[in-house]
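Below you'll find the structure, written out as structure tokens, and then a few comments.
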Amino acid sequence: MAGVEAASAESPEELELRIFQLIGTEEKGVSDSTIKTALSGVSAQQRAGSINKLLTTGKIDLLRSGGEILYKVKTETSSKVKCSDSQEKLVYQIIEEAGNKGIWVRDIRYRSNLLLTQVNKSVKNLESKKLIKAVKCVNASKKKVYMLFDLEPDRSLTGGAWYSEQDFESEFVDVLNQQCFKFLQQKAAASCAVKTSPVAEKNASYASSSDIWKFIDELGISKVELSVEDIETILNTLIYDGKVEMTIIAGSSVSSSKTTEQRKLYRSVVPLIPSAGLMRLPCGVCPVIQNCHDGGVVSPSSCIYMKQWMDM
């Protein structure tokens, strides 16, 4: 009973501070049962009153994880968000945690434990306030995921530089393919013009993916920002075509993990014999083959390159 009297003697402000500090110890939130155990000497009425005061003053948030209620200290970001009610705030927090990969309505419903009508209403309200946005996936045109309004969608959703409004930019890929090969051909011609040993000529004909990326960037043929990895994807298609070969050498720098970095070098080659028909199958050099499936934006049934290959 002495513990009960001591706890009861606390002022409401002191009890609120105790609960707030307890909730702040867990980043993912503290359950109601944990608070009850930690404050065993405090009555349910006192505990509920202090928690409600923290909620109304905007110091903590109310979450649901499965069937359990969690309390979490409100972050600076979430405190700036104007949500109509606790359901809308809960949906916003779930979408915020999904990051730039977004989250499907079905997953929001599962994580929030709300009815589908409640989830749809909250999502619609958040969209109208421009707090979140819907993004269509390139590998499933009818599927929409939701993320915060100011986030740039992950490349796995948009298809990266090879897509524009969910349409595969085949002409853009062809132009990049031609320009990368042209750069390597010029590099090879320049190395042959210098009469040195065959080994020196071969070494001089190589160019790194960074060099090729810089060349493409200076041409100004891309409306979107390309990365070195994007250029390496294009170079891979040239390798599959038998027009280019790649070698890997040790770089001059050493990473923090004490491992030597590797550099990829490319050069144009002349095939000794023409490639077999099967090797010219468009699927083997397609940079978005991982997104190709029946019913998708990229599909074997609608692929113009497959039709051209079949007509050869």
Side-chain angles (χ1 to χ4, degrees), residues 1-105 107-133 145-152:
M1 293 297 292
V4 175
E5 290 174 357
S8 300
E10 283 184 302
S11 67
E13 291 77 15
E14 290 173 334
L15 184 55
E16 285 173 26
L17 180 60
R18 269 182 75 190
I19 294 174
F20 182 77
Q21 290 173 339
L22 175 62
I23 295 171
T25 58
E26 292 292 337
E27 186 179 345
K28 294 183 178 179
V30 174
S31 66
D32 192 55
S33 58
T34 302
I35 297 175
K36 183 179 179 180
T37 303
L39 304 178
S40 56
V42 179
S43 68
Q45 186 176 1
Q46 286 178 305
R47 191 171 64 250
S50 296
I51 291 173
N52 286 336
K53 183 69 178 296
L54 290 170
L55 286 168
T56 54
T57 53
K59 292 182 179 179
I60 63 172
D61 282 324
L62 175 65
L63 306 173
R64 285 186 188 178
S65 178
E68 191 175 31
I69 295 176
L70 297 177
Y71 300 100
K72 182 180 177 182
V73 173
K74 184 174 288 189
T75 61
E76 184 180 351
T77 303
S78 61
S79 63
K80 295 178 181 178
V81 177
K82 304 291 184 182
C83 295
S84 303
D85 51 40
S86 59
Q87 291 177 1
E88 195 172 299
K89 189 179 296 183
L90 176 59
V91 171
Y92 178 86
Q93 289 167 347
I94 292 171
I95 294 173
E96 183 181 26
E97 290 172 1
N100 65 345
K101 290 191 175 181
I103 187 169
W104 199 14
V105 166
D107 295 328
I108 298 174
R109 181 187 176 191
Y110 172 77
R111 292 186 58 185
S112 65
N113 208 24
L114 297 173
L115 297 175
L116 182 59
T117 53
Q118 293 173 316
V119 172
N120 287 337
K121 180 184 176 183
S122 297
V123 165
K124 188 176 180 180
N125 289 340
L126 290 169
E127 276 192 287
S128 65
K129 297 174 183 177
K130 295 190 180 300
L131 294 174
I132 65 169
K133 62 183 176 183
V145 296
Y146 294 91
M147 65 183 65
L148 297 189
F149 190 81
D150 58 347
L151 290 182
E152 185 71 24

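Computed from heavy atoms alone, side chains included, the values below leave out hydrogens, waters and symmetry copies.
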Any side-chain heavy-atom pair of I19 and V30 under 4.5 Å: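 No, their side chains stay 4.5 Å or more apart.
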
Test V91 against N125 for side chain to side chain contact (heavy atoms under 4.5 Å, CB included), laying out the working first. CA-CA 11 Å; V91 171; N125 289 340; over 6 Å; no

Are V145 and I103 close enough, and set up right, to give a side chain to side chain contact (heavy atoms under 4.5 Å, CB included), and what steps lead you there? CA-CA 5 Å; V145 296; I103 187 169; 5.8 Å; no

Does a sphere of radius 6.0 Å around NZ in K121 hold more than 12 heavy atoms from other residues, nucleotides or ligands, not counting ones at 6.0 Å or beyond?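 No.
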
Kindly compute the distance separating [atom1] ([X]) from [atom2] ([Y]), expressed to the nearest 0.5 Å.
X    : Y    : atom1 : atom2 : answer
N113 : Q118 : CG    : CD    : 9.5 Å
I95  : Y146 : CD1   : OH    : 8.0 Å
L54  : L17  : CG    : CG    : 9.0 Å
L70  : E26  : CG    : CD    : 10.0 Å
E16  : N52  : CD    : CG    : 10.0 Å

Show the nearest heavy-atom pair for residues [X] and [Y], with the distance to one decimal.
X    : Y    : result
S112 : I94  : CB-CD1, 3.5 Å
I23  : V73  : CG2-N, 3.6 Å
R109 : L116 : NE-N, 3.8 Å
S50  : P12  : OG-O, 4.3 Å
I132 : Y92  : CG2-CD1, 4.3 Å
R18  : A38  : NH2-O, 4.1 Å

Report the C-alpha separation of L126 and E88 in whole Å, then their side-chain angles, then the decisive distance to 0.1 Å, and conclude whether the side chain to side chain contact (heavy atoms under 4.5 Å, CB included) test is met. CA-CA 8 Å; L126 290 169; E88 195 172 299; 3.8 Å; yes

Examine distances only and state if a side-chain atom of K133 and a backbone atom of L151 form a donor-acceptor pair shorter than 3.5 Å. yes

With side chain to side chain contact (heavy atoms under 4.5 Å, CB included) as the test, would you mind laying out the steps for K129 and F149 before giving the verdict? CA-CA 10 Å; K129 297 174 183 177; F149 190 81; over 6 Å; no

Step by step, work out the salt bridge (Lys or Arg N to Asp or Glu O under 4.0 Å) result for R111 and E97. CA-CA 11 Å; R111 292 186 58 185; E97 290 172 1; 2.5 Å; yes

